[in-house]
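Below: one structure, written as C-alpha coordinates.
Along the sequence shown, the residues carry numbers beginning at 1. Note that these values count all heavy atoms, side chains included, but never hydrogens, waters or copies made by symmetry.
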Amino acid sequence: MANGADQDSLGLRDLLAFSILILSVVAVSTLAGIIVWNKPENANVVMSAVLPLLGSWVGTVLAFYFSKDNFAAATRSVSEMAKQVTSQEKLQTMLAKEKMIPKEQMFWMTFAPDTKLKDILAQLTAANKGMRVPFLNADDTPQYVIHRSTIEGYLAAEALKGTPNLADITLAQLLADPDLKDRIGESFASVREDATLADAKKEMEKSPNIQDVFVTKRGDKKEPALGWITNVIVEDNSRI
(Lines give C-alpha, C1' and ligand atoms only; values in the text may rest on other atoms or scores of the structure.)
Protein backbone atom coordinates (compact mmCIF):
# COMPACT_ATOMS: atom_id res chain seq x y z
CA MET A 1 0.00 0.00 0.00
CA ALA A 2 2.81 2.39 0.84
CA ASN A 3 4.43 1.85 -2.55
CA GLY A 4 1.16 2.61 -4.32
CA ALA A 5 0.74 5.79 -2.28
CA ASP A 6 4.30 6.86 -3.10
CA GLN A 7 3.71 6.28 -6.80
CA ASP A 8 0.47 8.30 -6.70
CA SER A 9 2.30 11.10 -4.90
CA LEU A 10 5.09 11.09 -7.50
CA GLY A 11 2.56 11.12 -10.33
CA LEU A 12 0.75 14.11 -8.84
CA ARG A 13 4.05 15.88 -8.24
CA ASP A 14 5.13 15.34 -11.85
CA LEU A 15 1.77 16.59 -13.14
CA LEU A 16 1.98 19.68 -10.94
CA ALA A 17 5.55 20.40 -12.06
CA PHE A 18 4.73 20.12 -15.75
CA SER A 19 1.56 22.17 -15.32
CA ILE A 20 3.46 25.00 -13.64
CA LEU A 21 6.14 24.85 -16.33
CA ILE A 22 3.62 24.99 -19.18
CA LEU A 23 1.62 27.79 -17.57
CA SER A 24 4.79 29.76 -16.94
CA VAL A 25 5.96 29.35 -20.53
CA VAL A 26 2.54 30.34 -21.87
CA ALA A 27 2.34 33.34 -19.55
CA VAL A 28 5.84 34.60 -20.37
CA SER A 29 5.31 34.00 -24.09
CA THR A 30 1.99 35.82 -23.99
CA LEU A 31 3.46 38.75 -22.11
CA ALA A 32 6.39 38.91 -24.52
CA GLY A 33 3.99 38.81 -27.47
CA ILE A 34 1.94 41.68 -26.08
CA ILE A 35 5.04 43.79 -25.55
CA VAL A 36 6.32 43.10 -29.07
CA TRP A 37 2.86 43.78 -30.54
CA ASN A 38 2.60 47.15 -28.84
CA LYS A 39 6.23 48.17 -29.33
CA PRO A 40 7.84 46.30 -32.23
CA GLU A 41 11.04 48.22 -31.73
CA ASN A 42 11.53 46.32 -28.44
CA ALA A 43 11.34 42.90 -30.09
CA ASN A 44 15.08 42.28 -29.99
CA VAL A 45 15.26 43.22 -26.31
CA VAL A 46 12.28 41.02 -25.41
CA MET A 47 13.53 38.01 -27.35
CA SER A 48 17.00 38.40 -25.85
CA ALA A 49 15.46 38.25 -22.38
CA VAL A 50 12.78 35.58 -22.94
CA LEU A 51 14.61 32.95 -24.99
CA PRO A 52 17.43 32.36 -22.46
CA LEU A 53 14.83 32.22 -19.71
CA LEU A 54 12.78 29.56 -21.50
CA GLY A 55 15.94 27.64 -22.38
CA SER A 56 17.02 27.65 -18.76
CA TRP A 57 13.65 26.34 -17.59
CA VAL A 58 13.60 23.50 -20.11
CA GLY A 59 17.21 22.59 -19.33
CA THR A 60 16.53 22.61 -15.60
CA VAL A 61 13.50 20.33 -15.97
CA LEU A 62 15.33 17.88 -18.24
CA ALA A 63 18.34 17.81 -15.95
CA PHE A 64 16.11 17.16 -12.95
CA TYR A 65 14.31 14.19 -14.46
CA PHE A 66 17.37 12.60 -16.03
CA SER A 67 19.37 13.00 -12.83
CA LYS A 68 16.48 11.48 -10.87
CA ASP A 69 16.49 8.36 -13.07
CA ASN A 70 20.28 8.08 -12.90
CA PHE A 71 20.20 8.45 -9.14
CA ALA A 72 17.53 5.75 -8.85
CA ALA A 73 19.56 3.38 -11.04
CA ALA A 74 22.71 4.03 -9.03
CA THR A 75 20.83 3.44 -5.80
CA ARG A 76 19.52 0.10 -7.04
CA SER A 77 23.02 -0.94 -8.11
CA VAL A 78 24.54 -0.03 -4.75
CA SER A 79 21.71 -1.83 -2.93
CA GLU A 80 22.36 -5.03 -4.90
CA MET A 81 26.09 -4.82 -4.17
CA ALA A 82 25.41 -4.24 -0.49
CA LYS A 83 23.05 -7.21 -0.44
CA GLN A 84 25.70 -9.50 -1.92
CA VAL A 85 28.35 -8.33 0.50
CA THR A 86 25.97 -8.73 3.41
CA SER A 87 25.03 -12.27 2.33
CA GLN A 88 28.67 -13.30 2.11
CA GLU A 89 29.43 -11.77 5.48
CA LYS A 90 26.46 -13.59 6.97
CA LEU A 91 27.74 -16.94 5.71
CA GLN A 92 31.17 -16.17 7.15
CA THR A 93 29.67 -15.96 10.64
CA MET A 94 28.06 -19.43 10.47
CA LEU A 95 30.03 -22.56 11.24
CA ALA A 96 29.39 -25.41 8.85
CA LYS A 97 29.11 -27.95 11.68
CA GLU A 98 26.30 -25.91 13.24
CA LYS A 99 24.26 -25.83 10.02
CA MET A 100 25.09 -29.26 8.60
CA ILE A 101 22.84 -32.29 8.72
CA PRO A 102 24.64 -34.54 11.21
CA LYS A 103 25.44 -38.02 9.92
CA GLU A 104 23.09 -39.51 12.50
CA GLN A 105 20.18 -37.55 10.97
CA MET A 106 21.09 -38.07 7.31
CA PHE A 107 19.43 -40.48 4.97
CA TRP A 108 22.36 -42.26 3.36
CA MET A 109 23.21 -45.60 1.84
CA THR A 110 26.31 -47.72 1.96
CA PHE A 111 27.96 -47.71 -1.43
CA ALA A 112 27.49 -51.05 -3.14
CA PRO A 113 27.82 -51.12 -6.94
CA ASP A 114 25.38 -54.03 -7.31
CA THR A 115 22.53 -52.12 -5.63
CA LYS A 116 19.54 -51.95 -7.94
CA LEU A 117 18.34 -48.47 -8.88
CA LYS A 118 14.73 -49.37 -8.13
CA ASP A 119 15.74 -50.24 -4.57
CA ILE A 120 17.55 -46.91 -4.17
CA LEU A 121 14.44 -45.03 -5.30
CA ALA A 122 12.24 -47.11 -3.00
CA GLN A 123 14.41 -46.41 0.04
CA LEU A 124 14.65 -42.71 -0.80
CA THR A 125 10.87 -42.48 -1.07
CA ALA A 126 10.35 -44.34 2.20
CA ALA A 127 12.84 -42.12 4.06
CA ASN A 128 11.09 -38.95 2.81
CA LYS A 129 14.22 -36.89 3.46
CA GLY A 130 14.82 -35.06 0.24
CA MET A 131 15.59 -35.84 -3.37
CA ARG A 132 19.24 -36.91 -3.25
CA VAL A 133 21.16 -39.85 -1.85
CA PRO A 134 24.60 -39.61 -0.22
CA PHE A 135 26.57 -42.84 -0.63
CA LEU A 136 29.17 -43.59 2.04
CA ASN A 137 31.75 -46.35 2.09
CA ALA A 138 31.92 -48.92 4.87
CA ASP A 139 34.30 -46.63 6.79
CA ASP A 140 31.83 -43.70 6.48
CA THR A 141 33.96 -41.84 3.95
CA PRO A 142 31.83 -40.14 1.27
CA GLN A 143 31.73 -41.70 -2.18
CA TYR A 144 28.93 -40.07 -4.20
CA VAL A 145 25.84 -37.93 -3.97
CA ILE A 146 23.27 -38.89 -6.58
CA HIS A 147 20.05 -36.99 -7.20
CA ARG A 148 16.76 -38.76 -7.75
CA SER A 149 16.31 -36.87 -11.02
CA THR A 150 19.60 -38.35 -12.29
CA ILE A 151 18.46 -41.91 -11.57
CA GLU A 152 15.02 -41.37 -13.06
CA GLY A 153 16.44 -39.65 -16.12
CA TYR A 154 18.85 -42.54 -16.70
CA LEU A 155 16.08 -45.13 -16.39
CA ALA A 156 13.87 -43.16 -18.77
CA ALA A 157 16.69 -42.99 -21.34
CA GLU A 158 17.24 -46.76 -21.03
CA ALA A 159 13.53 -47.38 -21.50
CA LEU A 160 13.57 -45.36 -24.71
CA LYS A 161 16.48 -47.46 -25.94
CA GLY A 162 14.41 -50.57 -25.38
CA THR A 163 16.67 -51.91 -22.63
CA PRO A 164 15.01 -54.99 -21.10
CA ASN A 165 14.60 -55.65 -17.38
CA LEU A 166 14.82 -52.06 -16.17
CA ALA A 167 14.16 -53.26 -12.64
CA ASP A 168 17.50 -55.08 -12.67
CA ILE A 169 19.66 -52.09 -13.64
CA THR A 170 22.31 -51.48 -10.98
CA LEU A 171 24.19 -48.54 -9.57
CA ALA A 172 27.32 -49.76 -11.35
CA GLN A 173 25.59 -49.44 -14.72
CA LEU A 174 24.51 -45.90 -13.90
CA LEU A 175 28.04 -44.94 -12.87
CA ALA A 176 29.45 -46.42 -16.08
CA ASP A 177 27.29 -44.21 -18.28
CA PRO A 178 29.70 -41.90 -20.18
CA ASP A 179 27.31 -38.95 -19.95
CA LEU A 180 26.99 -39.24 -16.17
CA LYS A 181 30.29 -40.67 -14.98
CA ASP A 182 32.24 -37.41 -14.74
CA ARG A 183 29.30 -35.41 -13.39
CA ILE A 184 28.60 -37.87 -10.60
CA GLY A 185 32.31 -38.31 -9.95
CA GLU A 186 32.66 -34.68 -8.90
CA SER A 187 29.27 -34.41 -7.22
CA PHE A 188 30.60 -33.24 -3.85
CA ALA A 189 33.38 -31.43 -2.01
CA SER A 190 34.53 -31.40 1.60
CA VAL A 191 35.41 -28.81 4.26
CA ARG A 192 36.99 -28.87 7.71
CA GLU A 193 34.79 -29.13 10.77
CA ASP A 194 35.78 -25.59 11.75
CA ALA A 195 34.90 -24.18 8.31
CA THR A 196 32.11 -21.68 7.71
CA LEU A 197 29.20 -21.80 5.32
CA ALA A 198 31.12 -19.28 3.22
CA ASP A 199 33.85 -21.91 2.84
CA ALA A 200 31.27 -24.49 1.79
CA LYS A 201 29.81 -22.07 -0.75
CA LYS A 202 33.28 -21.42 -2.14
CA GLU A 203 33.77 -25.14 -2.70
CA MET A 204 30.42 -25.40 -4.47
CA GLU A 205 31.35 -22.57 -6.78
CA LYS A 206 34.36 -24.51 -8.09
CA SER A 207 32.12 -26.62 -10.35
CA PRO A 208 28.46 -26.49 -11.43
CA ASN A 209 28.28 -30.20 -10.58
CA ILE A 210 29.04 -29.63 -6.90
CA GLN A 211 25.85 -29.08 -4.95
CA ASP A 212 26.87 -30.93 -1.80
CA VAL A 213 29.67 -30.62 0.74
CA PHE A 214 30.62 -33.10 3.44
CA VAL A 215 32.11 -31.91 6.69
CA THR A 216 35.10 -33.96 7.81
CA LYS A 217 37.60 -33.44 10.59
CA ARG A 218 40.38 -31.95 8.44
CA GLY A 219 38.45 -31.36 5.21
CA ASP A 220 39.77 -34.48 3.49
CA LYS A 221 37.38 -36.53 1.34
CA LYS A 222 39.10 -39.67 2.61
CA GLU A 223 37.97 -38.98 6.17
CA PRO A 224 34.66 -40.13 7.68
CA ALA A 225 31.77 -37.76 7.08
CA LEU A 226 30.64 -35.87 10.17
CA GLY A 227 27.76 -34.18 8.40
CA TRP A 228 26.35 -33.00 5.12
CA ILE A 229 25.64 -29.54 3.68
CA THR A 230 23.51 -29.06 0.58
CA ASN A 231 23.31 -26.06 -1.72
CA VAL A 232 19.79 -25.50 -0.35
CA ILE A 233 21.18 -25.09 3.18
CA VAL A 234 23.69 -22.51 1.94
CA GLU A 235 21.05 -20.59 -0.03
CA ASP A 236 18.57 -20.57 2.86
CA ASN A 237 21.18 -19.22 5.27
CA SER A 238 22.47 -16.57 2.89
CA ARG A 239 19.15 -14.73 2.73
CA ILE A 240 19.05 -11.35 4.47
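M106 and I146 are not part of a single hydrophobic cluster, where members link through side-chain heavy atoms under 4.5 Å apart. Linking ILVMFWY side-chain heavy atoms closer than 4.5 Å, directly or via other members, places W228 and F107 in two distinct hydrophobic clusters.
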Residues T141, N137; criterion side-chain hydrogen bond (donor to acceptor under 3.5 Å, both in side chains); working and verdict
CA-CA 5 Å; T141 57; N137 295 309; 3.0 Å; yes
Under the side chain to side chain contact (heavy atoms under 4.5 Å, CB included) criterion, do I229 and M204 qualify, and how do the steps go?
CA-CA 10 Å; I229 295 173; M204 291 180 182; 4.3 Å; yes
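Under the rule for a ring pair (Phe, Tyr, Trp, His ring centres under 6.0 Å), the partners of F111 that lie at least two apart in sequence or sit in another chain are Y144. Considering only residues two or more places apart in sequence or on other chains, A189 meets the side-chain contact (heavy atoms from CB on, under 4.5 Å) condition with E203, I210, V213. Legend: residues meeting side-chain contact (heavy atoms from CB on, under 4.5 Å) with L226, ordered by chain and number and at least two apart, are M100, E193. Scanning for ring pair (Phe, Tyr, Trp, His ring centres under 6.0 Å) contacts around F135 gives an empty result, with sequence neighbours left out. Residues satisfying the side-chain hydrogen bond (donor to acceptor under 3.5 Å, both in side chains) criterion with K201, sequence neighbours excluded, are E205. In terms of the side-chain contact (heavy atoms from CB on, under 4.5 Å) criterion, residue partners of D236 (sequence neighbours excluded) are, by chain and number, V232, R239. Considering only residues two or more places apart in sequence or on other chains, T110 meets the side-chain contact (heavy atoms from CB on, under 4.5 Å) condition with W108. Residues passing the salt bridge (Lys or Arg N to Asp or Glu O under 4.0 Å) test with R218 are E223, sequence neighbours excluded. Residues passing the salt bridge (Lys or Arg N to Asp or Glu O under 4.0 Å) test with D194, sequence neighbours excluded: R192.
The distance from the CG atom of N231 to the OG atom of S238 is 10.5 Å, given to the nearest 0.5 Å. One finds the CD1 atom of I233 at 12.0 Å from the CE atom of M94 (value rounded to the nearest 0.5 Å). A distance of 4.5 Å separates CG in N209 from CD in E186, rounded to the nearest 0.5 Å. Considering CD of E152 and CG of L155, their distance stands at 8.0 Å, rounded to 0.5 Å.
Within 6.0 Å of NZ on K202 lie no more than 12 heavy atoms contributed by other residues, nucleotides or ligands. By the neighbour-count criterion of 12 heavy atoms within 6.0 Å, atom NZ of K217 is sparsely surrounded, having that number or fewer from other residues, nucleotides or ligands.
Minimum heavy-atom separation, K103 to A225: CD-O, 3.5 Å.
Of the residues L197, T196, V215, the one that meets the side chain to side chain contact (heavy atoms under 4.5 Å, CB included) test with V191 is V215.
Using a 4.5 Å cut-off on side-chain heavy atoms (C-beta onward), V145 and T230 make no contact. Contact of the N237 side chain with the L91 side chain is registered, since non-hydrogen atoms from C-beta on lie closer than 4.5 Å. Looking at K129 and I101, their side chains never come closer than 4.5 Å, going by heavy atoms from C-beta outward.
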For a quick test of your reading: what N or O donor-acceptor pairs under 3.5 Å do the side chains of residues 159-167 make, sequence neighbours left out?
{"unit_1": "K161", "atom_1": "NZ", "unit_2": "E158", "atom_2": "OE2", "d": "3.2"}
{"unit_1": "T163", "atom_1": "OG1", "unit_2": "E158", "atom_2": "O", "d": "3.2"}
{"unit_1": "T163", "atom_1": "OG1", "unit_2": "E158", "atom_2": "OE1", "d": "2.8"}

Could you pull out all donor-acceptor pairs under 3.5 Å where a side-chain atom in residues 113-124 meets a protein atom, sequence neighbours excluded?
{"unit_1": "T115", "atom_1": "OG1", "unit_2": "A112", "atom_2": "O", "d": "2.8"}
{"unit_1": "K116", "atom_1": "NZ", "unit_2": "D168", "atom_2": "OD1", "d": "3.3"}

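The ring pair (Phe, Tyr, Trp, His ring centres under 6.0 Å) contacts involving residues 171-202 comprise F188-F214, where partners must be two or more places apart or lie in separate chains.
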